[in-house]
Amino acid sequence: MSLKGLLLLIALAPLAGAVIAGMFGTRFLGAFVGRSAAHSVTILGVLVSFVGSVLVAQQAFAAPGALFNEALYTWTVADGVKFDIGFLIDRLTVTMMLVVTFVSLMVHVYTIGYMAEDPGYQRFFAYISLFTFSMLMLVMSNNFLQLFFGWEAVGLVSYLLIGFWYTRPTAIYANLKAFLVNRVGDFGFLLGIGLVLAYFGSMNYTEVFAHPDLQKLAGTTIDILPGSPTVITAACIGLFVGAMGKSAQFPLHVWLPDSMEGPTPISALIHAATMVTAGIFMVARMSPLFELSEAALSFVIVIGAITALFMGFLGIVQNDIKRVVAYSTLSQLGYMTVALGCSAYSVAIFHLMTHAFFKALLFLGAGSVIMGMHHNQDMRYMGGAWKYMKVTWITSLIGSLALIGTPFFSGFYSKDSIIEAVRFASVPGAGFAYVCVLAGVFVTAFYSFRMYFLVFHGRERYEEMPHDDHGHDEHHGLGHGEKPHESPWVVGVPLILLAIPSVAIGFLTIEPMLFGDYFKDVIFVAESHKAMAGLAEVFREHHGAVGMATHALATVPFWLALAGVVTAWLFYLVKPEIPAAIKARVMPVFNLLDNKYYLDRFNEAVFAGGARMFGRGLWKGGDVAIIDGLVNGSARLVGFVARITRFFQTGHVYQYAFVMIVAVWFAVTKFAFLGIGLRK
């Protein structure tokens, strides 16, 4: 098979699975082999994509630069600009392809167990397979048109999946919220693409990055915009606003925690490998543009720093196990964005990759806990689950250790690399970002092990949960006398397979990805930006990955993480009365965090309320006053005149003759009196 054919197979196999499962899963295939047809065909499609991605990656690793960069289909040509569908395959692309297909494959297998009793079984498999296709089209694109197609496709499928249980009002609210917030980000994204098209005259990445006037446009201002930014700055900020929506950066982050209303497998897919990683990937792909605008980089690093720290704070007060993991995703996305802002694009992608494995592990582990607890998600009514769920307990510990940056675990290598890169960065806002990412280490460790201790250790609190008259139901958790149970093998196997890269992938790949030629001719960093050079010098001083991990035992991030774990252990296992005492003393702070900084109320009052007020003004002032008042008023005036006129337009000749005689009489009389007046 040719490389082009293999790439088409990788992209289209999940789409084929989605179409078959979605359109024929219940009628045609279901009549023969039942519900298993849906998961069989979609898992086969994603498996084909994963195996194909491995084969392509082997070729890409052997060839620096672009392995494949061709247009497959020309959609249209307008004013000499070609709008193509095509693939750009380089090491950045294959990294994303491997992450997306592997995590998606694990989620597909896991879903067999998690959604076994759901009536929308076939529909769910069709959606998640379509999600995989959309993300592959996004990361494999070689032009802005296809990028935008994939960008909107993942947004559409996430809308369908977040609201999968469409009979729940909270799910409908959550998917509408995600859809609307992302429309705000996509407005900026479209403006950025529009500026690229207007000034570069092309939608193709290679042509834009190699444009002869690239340096000139970096100094050309757009005077009609506030502050007169340069073309490159305006385009980059517009593109990044799109990333703020997709990758949930402050203040467009508000949709992501509510996305927990969807089933747990899709939470893992959205948060680990697909939608939220799209913005990080896009900015890394656009590094030749972002490197020409320090203002854009400064904007990126400040937004990322705010997200990394202040979204982490919100994880401390959550009691829903899935929401704790969701806020950790927000915080880690902030870390990736900080890396982008200090021109450490390779570090951002490195953390994206390691985070995908351990975050998928944590989400699927949370789903396993929810299954074992009979759909209870409230950590206040858990405890001691390690005795009943050994596989989930161990794999969740691995995911938590990776998340907090424990030396030798994958999260350590990527997270500490971000912190070190920020320390060497000189872009405005880097100092603020460094403080935020350091403080975020303690916060992450605290809320991660707060969750771990509440769920798996301490006394069992299952009996304390309110129950209905029947003892329990699917929404109330365990009944009286019941204990948690381990999940089936289709849940446990993905947890084990995700735990392996959560431990080892960082150690194995840090040197080639960050300090070798892995991203040569793919990611571009200006010579004036020294963050990566400083990070490389530190790595050489430590003599590799082993030295980096052992040296970490004497660094501030390690002791901050350890302090967070110890504090969580003290607060929730040794002295569980301490959190309640602290809460009573700082109730205003708790209320601020519990209400998510009141951003939802602010958005509803200012943006939603402002939009309603604006619409009401258009209705009252435009529709009622102008259209009904003036336009329809003019029509009524014409009608009034017509009604008066028709008394004289009867069609009778004698009446017309009478009117003419009267008119002549008036005319003669007028001229007679006028003549008398003149003689006088």
Side-chain angles (χ1 to χ4, degrees), residues 107 110-111 113-128 130-131 134 154-185 245-248 252-276 311 314-315 317-331 333 359-360 362-371 373-382 451 473-477 594-597 599-601 603-604 608:
V107 170
Y110 177 95
T111 301
Y114 193 87
M115 301 292 287
E117 300 177 2
D118 196 284
Y121 191 81
Q122 290 96 332
R123 179 165 58 93
F124 189 81
F125 273 99
Y127 285 172
I128 59 176
L130 184 61
F131 208 171
S134 301
V154 294
L156 171 63
V157 183
S158 69
Y159 167 83
L160 296 172
L161 284 163
I162 294 169
F164 180 79
W165 287 316
Y166 52 83
T167 56
R168 299 182 182 180
T170 52
I172 298 303
Y173 172 82
N175 73 351
L176 284 174
K177 187 176 183 180
F179 190 82
L180 292 174
V181 172
N182 274 278
R183 296 292 71 73
V184 176
K246 278 289 181 290
S247 294
L252 301 183
H253 67 279
V254 292
W255 66 272
L256 193 60
D258 290 313
S259 69
M260 296 301 97
E261 290 296 330
T264 298
I266 193 51
S267 298
L269 200 54
I270 288 177
H271 287 241
T274 54
M275 185 164 172
V276 298
M311 296 306 106
L314 299 182
V317 300
Q318 301 301 314
N319 294 314
D320 186 312
I321 184 173
K322 287 174 63 177
R323 285 185 178 267
V324 176
V325 186
Y327 279 109
S328 82
T329 299
L330 282 172
S331 181
L333 288 168
K359 185 50 58 69
L362 285 170
F363 259 115
L364 298 186
S368 179
V369 169
I370 292 169
M371 292 175 64
M373 301 283 181
H374 288 196
H375 297 275
N376 167 34
Q377 297 181 199
D378 195 325
M379 299 184 300
R380 293 173 296 181
Y381 306 108
M382 298 183 185
M451 176 182 71
D473 61 34
E474 62 176 354
H475 301 298
H476 284 92
D594 192 45
N595 287 280
K596 298 171 284 189
Y597 305 117
L599 282 173
D600 284 337
R601 296 188 187 181
N603 290 334
E604 290 173 7

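What you see below is based on every heavy atom in this structure, not just the backbone, and it leaves out hydrogens, waters and symmetry mates. Every value quoted in this text rests on a predicted model; they were computed, and no experiment measured them.
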Exercise. Are the side chain of Y110 and the backbone N or O of S368 linked by a donor-acceptor pair below 3.5 Å?
Worked result: yes

For this session: Please name the pair of heavy atoms, one in P265 and one in Y114, separated by the smallest distance, quoted to 0.1 Å.
Result: CD-CD2, 3.5 Å

Problem set entry | Distance (rounded to the nearest 0.5 Å) between L130 CG and L156 CG | 7.5 Å

Exercise. Is any side-chain heavy atom of L599 closer than 4.5 Å to a side-chain heavy atom of H253?
Worked result: yes

Exercise. For the atom pair CG (D118) and CZ (F124), what is the distance rounded to the nearest 0.5 Å?
Worked result: 8.5 Å

For this session: With I321 as reference, evaluate I370, D378, N376 under the side-chain contact (heavy atoms from CB on, under 4.5 Å) test and give the passing residue.
Result: I370

Problem set entry | Neighbour count >12 (heavy atoms, 6.0 Å) for atom OH, Y597 | yes

Exercise. Should V369 and M382 be marked as a side chain to side chain contact (heavy atoms under 4.5 Å, CB included) after you check the CA-CA gap, both sets of side-chain angles, and the distance that decides it?
Worked result: CA-CA 9 Å; V369 169; M382 298 183 185; 3.8 Å; yes

Exercise. At their closest point, which heavy atom of L330 faces which heavy atom of P257, and how far apart are they?
Worked result: CD1-CG, 3.9 Å

For this session: Run the ring-centre check on F131 versus Y127 and record whether the distance is less than 6.0 Å.
Result: no

Exercise. Rounded to the nearest 0.5 Å, how far does CZ of R183 lie from CG of L252?
Worked result: 11.5 Å

Seminar exercise, completed: dist K596:NZ -> N603:CG (nearest 0.5 Å) comes out at 10.5 Å

Exercise. Are E261 and W165 side-chain neighbours, meaning at least one heavy-atom pair lies under 4.5 Å?
Worked result: no

For this session: With side chain to side chain contact (heavy atoms under 4.5 Å, CB included) as the test, would you mind laying out the steps for V324 and D320 before giving the verdict?
Result: CA-CA 7 Å; V324 176; D320 186 312; over 6 Å; no

Problem set entry | Non-hydrogen atoms of S331 and M311 that approach each other most closely | N-CB, 4.3 Å

For this session: Check I266, I162, L161 against S259 for a side-chain contact (heavy atoms from CB on, under 4.5 Å) and give me the one that passes.
Result: I162

Problem set entry | Heavy-atom closest contact (V154 atom, M275 atom, distance) | O-SD, 3.9 Å

For this session: Measure the spacing between NZ of K177 and CG of L256 and express it to the nearest 0.5 Å.
Result: 10.5 Å

Exercise. Within a strict 4.5 Å, meaning less than it, do heavy atoms of the K246 and V276 side chains meet?
Worked result: no

For this session: Verify, without hydrogens or angle tests, whether W255 (side chain) and G245 (backbone) share a donor-acceptor contact under 3.5 angstrom.
Result: yes

For this session: May I ask you to check if R323 and Y327 form a cation-pi contact, with NZ or CZ under 6.0 angstrom from the six-membered ring centre and within 45° of the axis?
Result: no

Exercise. How long is the gap from CZ on R123 to CE on M115, to the nearest 0.5 Å?
Worked result: 8.0 Å

For this session: Using side-chain contact (heavy atoms from CB on, under 4.5 Å) as the criterion, point out the one residue from T264, L364, I128 that pairs with L269.
Result: I128

Exercise. Is a donor on one side and an acceptor on the other found under 3.5 Å between the side chain of S267 and the backbone of M260?
Worked result: no

For this session: Check for a donor-acceptor pair, side chain of N175 on one end and backbone N or O of Y159 on the other, with a separation under 3.5 Å.
Result: yes

